[in-house]
Trainee: 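Structure in structure tokens, see below.
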Amino acid sequence: MSDEADRRVLRALASRGINVDREALTLLAEVEEFDETVERVTESLPEGTLVLTGEHVRSVLDVKGRSSSSPPSNGDPSVSTGTPDPKPPDGAENAPVETKGSSVTPPGSDDGTALEPGADGELATRPTDPIEITGDITGRSTGTGEYKQFVSLFRDRYERLSAMLRGRVNHRPMRAVRGMPGGSDVDLVGMVNDIRSTANGHWLIELEDTTGRFPCLVMKDREIADLVGELLCDEVIAVRGTLSDDAGIVFTDEIHFPEVPRTNRPNTADRHVQAALVSDVHVGSQEFVEEAWERFADWLHTEEAANVEYLLIAGDMVEGVGVYPNQDAELTIVDIYEQYERFAEHLKAVPGDLEIVMIPGNHDAVRLAEPQPGFDDELRGIMSAHDARVTGNPSLVTIEGVSVLMYHGTSFDEVNAELPESKASYDAIERTMTQLLKKRHVAPQYGGRIRIAPEERDYLVIGEVPDVFHAGHVHKLGVGEYHGVRIVNSACWQAQTEFQRSVNIQPDVAYAVILDLDTLSVTARSFG
Ligand code: D5M
Ligand code: FE
Ligand code: ZN
């Protein structure tokens, strides 16, 4: 059996969001009516099947001509493509291999810890646990893709973000503003529905709340015009201004973001203890820098690393299968479970007494739509080395009293594309992360490249101001600080890929960012 035949099978199944075991791979690589057989096999799979086994293939090959009405397994209704319509996801032909995450089994159920479902205060801690986790979607996904869930998602976003703005403005609902006389001073709080430039080069921002929409004009020669460049659709802002004479438009004087207050003072640990922050390991990729990872693991055993008690990994543990077109040509391990097994081996190389927390990224085998739940039980089993803690993307992880917002960073590509270079860029990714802190949302824009799941609650709102914001995804090292919040992008362990070469992305490879939890100062250590 040739590699090429294997690849054909993997490609065909990856495009349907299905993984394949060795036996199924062997069987399918040898069939003659390839396309038709793959079609029949995938059609016959029970809904929700994520791994195609030899048994599945055999059952179809044995019962030739059988037709099945069961739907293909990749129609996860909770995955949005950015439109509320229940049509199949855009780019579903490139859907990565994914599992459902632990949407049925909450974390902690393995050790019998009860979970309180619900809002911000939710905890998923073990009794003697030094780690506390909140805002984790794992086990709480209610998304079924229904239109009304998008309504409740946006309502929750609006309510929580507008509450942050309420202290600064005295806003009225859009409907009430409609009835006010021309010339009145008005404050509005709304979700940005549209940003347009007028024929004269001024800006027209349409804001929306639960009672209606209202246009706000920002004159191009005002200082605040610069802030228009920071706006993303679907973020929540406040506007302060004056109604035009006909009361049809607001002349804008001020724009406010939900913000991290200037007076914010971060919490710190009360002893000298450190955390190692890493991201984007990409095990299974030809470009995974295995030796550098080994140097890092070895270093963690040295005296110099004696205070490093935590290891936080911000997603993309493995390279995955079918994440990007033609990605399979750059894989060293083609089976998703083998990739995780290999990753687990690399995790075992770090000291056994490290507390490890990890979230998934866009290459990992959970649903792509955000918020992403933590891995399913099978993957947790594989990655159980050192009792590593798995949580959703994003999650707020508190260690030694320091809260760390862990978010993979998938939205950064879109934010970088939308905002001017001076506000968001790959070469200063801490600026992009600063923008999201100001907006108090990790992925505001809906309907673009980021898939957002229609949950009842918006887990992507940055509800509590974190002490540290840790992300990855863009494979660029970035360190910054914003109103007391330490910002870290911990880069990657994958050398430049073919795609990155083609678009001239120069990744920062093999870094661990060492964070002092008692001072929040950081050192980026290179293991390359
Ligand atoms: O992506 C790492 C970075 O590279 C991130 O900024 C996206 C970008 N990237 C990498 N491969 C592609 C393809 N094929 N299309 C578009 N953008 C890409 P990561 O997802 O962590 O590998
Ligand atoms: Fe990555
Ligand atoms: Zn990524």
Side-chain angles (χ1 to χ4, degrees), residues 11 14-15 90-91 93-98 277-289 292-293 312-333 336 339-340 343 346 358-372 375 392-394 406-419 421 424-433 435-436 442-443 448-451 470-478 488-513:
R11 241 195 314 269
S15 71
D90 286 352
E93 66 278 9
N94 283 322
V97 173
E98 57 182 56
L277 276 45
V278 299
S279 190
D280 293 81
V281 191
H282 289 268
V283 172
S285 158
Q286 277 172 13
E287 277 75 31
F288 166 53
V289 287
W293 179 273
L312 308 183
I313 312 176
D316 286 358
M317 262 54 83
V318 300
E319 174 64 10
V321 175
V323 180
Y324 292 125
N326 305 322
Q327 177 207 25
D328 44 348
E330 293 189 59
L331 294 178
T332 53
I333 307 172
I336 188 87
Q339 291 182 0
Y340 282 103
F343 171 74
H346 289 296
M358 48 197 182
I359 62 168
N362 57 311
H363 283 252
D364 286 298
V366 299
R367 77 171 182 198
L368 190 54
E370 297 183 8
Q372 295 180 286
F375 301 109
N393 171 37
M406 289 181 68
Y407 172 61
H408 177 59
T410 318
S411 71
F412 299 171
D413 294 312
E414 184 165 1
V415 177
N416 286 352
E418 293 285 333
L419 300 189
E421 180 90 19
S425 103
Y426 289 99
D427 292 327
I429 197 66
E430 64 280 4
R431 278 187 215 150
T432 311
M433 294 172 71
Q435 285 294 327
L436 296 172
V442 295
R449 298 190 221 172
I450 295 298
R451 296 187 186 189
H470 175 212
H473 180 62
V474 290
H475 296 201
K476 297 294 264 184
L477 196 63
V488 177
N489 194 301
S490 55
C492 69
W493 297 83
Q494 183 184 38
Q496 192 181 47
T497 62
E498 218 31 79
F499 168 83
Q500 289 166 347
R501 211 179 338 270
S502 73
V503 296
N504 202 22
I505 297 177
Q506 302 286 347
D508 294 320
V509 185
Y511 284 92
V513 174

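Order of listing sets the numbers, starting from 1, for every ligand and every atom in it.
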Trainee: Should the proximity of Val474 to ligand 1, defined as any heavy atom under 4.0 Å, be assigned to the side chain, the backbone, both, or neither?
Mentor: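 Both of them.
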Trainee: Quick one: which ligand 1 atoms are inside 4.0 Å of a heavy atom on Asn362?
Mentor: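 Every atom of ligand 1 under 4.0 Å from some heavy atom of Asn362: 20 (O).
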Trainee: Go around the Fe ion (ligand 2) and count every protein N, O or S atom nearer than 2.8 Å.
Mentor: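 The number of such protein atoms is 4.
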Trainee: Taking the Zn ion (ligand 3) as the vertex, measure the angle between atom OD1 in Asn362 and atom NE2 in His408; round to 10°.
Mentor: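 An angle of 90° at the metal.
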Trainee: Can you tell me if Thr410 and Glu370 form a side-chain donor-acceptor pair at under 3.5 Å?
Mentor: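 Their side chains do contain a donor-acceptor pair, which is all the 3.5 Å distance test asks for.
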Trainee: Considering only heavy atoms from C-beta outward, does the side chain of Phe412 approach that of Tyr407 to under 4.5 Å?
Mentor: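 Yes - at least one pair of side-chain heavy atoms lies under 4.5 Å apart.
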Trainee: Take Ile313 and Ile359 through the side chain to side chain contact (heavy atoms under 4.5 Å, CB included) test and state the conclusion after the steps.
Mentor: CA-CA 7 Å; Ile313 312 176; Ile359 62 168; over 6 Å; no
Trainee: Using a heavy-atom cut-off of under 4.0 Å, does the side chain or the backbone of Val503 touch ligand 1, or both, or neither?
Mentor: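 None of Val503 does.
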Trainee: Consider every N or O of His363 and every N or O of ligand 1, then say whether any pair is closer than 3.5 Å.
Mentor: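 Yes, since at least one N or O of His363 sits under 3.5 Å from an N or O of ligand 1.
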Trainee: What pair of heavy atoms forms the shortest contact from Ser490 to His470, and how long is it?
Mentor: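 Of all heavy-atom pairs spanning Ser490 and His470, the closest is OG-NE2, 2.8 Å.
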Trainee: Step by step, work out the side chain to side chain contact (heavy atoms under 4.5 Å, CB included) result for Phe288 and Thr332.
Mentor: CA-CA 9 Å; Phe288 166 53; Thr332 53; over 6 Å; no
Trainee: In a check of side-chain hydrogen bond (donor to acceptor under 3.5 Å, both in side chains) between Asn393 and each of His408, Gln372, His473, which one passes?
Mentor: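 Exactly one option meets the side-chain hydrogen bond (donor to acceptor under 3.5 Å, both in side chains) with Asn393, and it is Gln372.
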Trainee: Do the non-hydrogen side-chain atoms of Tyr324 and His363 ever get within less than 4.5 Å of each other?
Mentor: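 They are in side-chain contact.
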Trainee: Do any nitrogen or oxygen atoms of Gln494 lie less than 3.5 angstrom from nitrogen or oxygen atoms of ligand 1?
Mentor: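 No, there is no polar N/O contact under 3.5 Å.
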Trainee: Yes or no on side chain to side chain contact (heavy atoms under 4.5 Å, CB included) for Glu287 and Gln496, after CA distance, side-chain angles and deciding distance?
Mentor: CA-CA 7 Å; Glu287 277 75 31; Gln496 192 181 47; over 6 Å; no
Trainee: So is Gln327 close enough to ligand 1, meaning a heavy atom under 4.0 angstrom away?
Mentor: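 It does not, in that no heavy atom of Gln327 comes within the 4.0 Å cut-off of ligand 1.
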Trainee: Under 4.0 Å from ligand 1, counting heavy atoms only, is it the side chain of Ile505, its backbone, both or neither?
Mentor: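 The part of Ile505 near ligand 1 is the side chain, not the backbone.
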Trainee: Atoms of ligand 1 less than 4.0 Å from Asp280 heavy atoms?
Mentor: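 Heavy-atom distances to Asp280 below 4.0 Å select 21 (O).
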Trainee: Are side-chain N/O atoms of Glu319 and Gln327 paired as donor and acceptor at under 3.5 Å?
Mentor: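 A donor-acceptor contact under 3.5 Å links the two side chains.
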Trainee: For ligand 1, which part of His475 has a heavy atom less than 4.0 Å away: the side chain, the backbone, both, or neither?
Mentor: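 Side chain only.
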Trainee: Report, in ascending order of atom number, the atoms of ligand 1 lying under 4.0 Å from any heavy atom of Gln500.
Mentor: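 Answer for ligand 1: 2 (C), 4 (O).
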Trainee: Please determine which of Asp280, Asp413, Asp427 meets the salt bridge (Lys or Arg N to Asp or Glu O under 4.0 Å) test together with Lys476.
Mentor: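 Only one of Asp280, Asp413, Asp427 forms a salt bridge (Lys or Arg N to Asp or Glu O under 4.0 Å) with Lys476, namely Asp427.
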Trainee: Atoms of ligand 1 less than 4.0 Å from His282 heavy atoms?
Mentor: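 Every atom of ligand 1 under 4.0 Å from some heavy atom of His282: 21 (O), 22 (O).
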Trainee: Heavy-atom contact check, 4.0 Å cutoff: does Tyr426 meet ligand 1?
Mentor: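 Yes, Tyr426 has a heavy atom closer than 4.0 Å to ligand 1.
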Trainee: Which value, rounded to 10°, describes the OD2(Asp316)-the Zn ion (ligand 3)-ND1(His473) angle?
Mentor: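 With the Zn ion (ligand 3) as the vertex, the angle is close to 160°.
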